[in-house]
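Quick notes on the structure that follows.
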Amino acid sequence: MDIIDSFEENMLDPNNLQIEFPPEILAVCEKIQETASFANLEVYLVGGALRNLLLHRPIKDLDFVVKGKDSGLQLAKLLYERNLTNSYP
């Protein structure tokens, strides 16, 4: 079995996904999710961080997508107002 077969067999089976969030990443994701829920926004973790979680690799940054027009700006403003980020666009 080569690495691709192993990946497909173990990682892409929704019944066999084993994702372990590092505590510091989990804390950030939870704060963002709580803030989004407060504003009735849908936010999703996407990109390289998600890939790295699946492959058990280190996470260097987090990318999120927020559903809805201007929802990303709304979430960024809320995070700033709650002192959860240092900048606001």
Straight-line distance of D61 CG to N52 CG, nearest 0.5 Å:
8.5 Å

Roughly how far, to the nearest 0.5 Å, is CG of N83 from NZ of K31?
10.5 Å

Return the CG to CD1 distance between L50 and I59, rounded to the nearest 0.5 Å.
9.0 Å

If you look only at distance, which donor and acceptor atoms sit under 3.5 Å apart when one is on a side chain in residues 63-71 and the other is two or more places apart or in another chain?
residue, atom, partner, partner atom, Å
S71, OG, K67, O, 3.0
S71, OG, G68, O, 3.3

Would you say R82 and F38 make side-chain contact, with heavy atoms under 4.5 Å?
yes

Out of curiosity, L75 CG to K77 NZ, how far, rounded to the nearest 0.5 Å?
12.5 Å

So which of V43, L45, V28 actually passes side chain to side chain contact (heavy atoms under 4.5 Å, CB included) with Q33?
V43

Could you measure the distance from the CD atom of E42 to the OG atom of S37? Nearest 0.5 Å is fine.
9.5 Å

Do L41 and L84 share a hydrophobic cluster (ILVMFWY, side-chain heavy atoms under 4.5 Å, transitive)?
yes

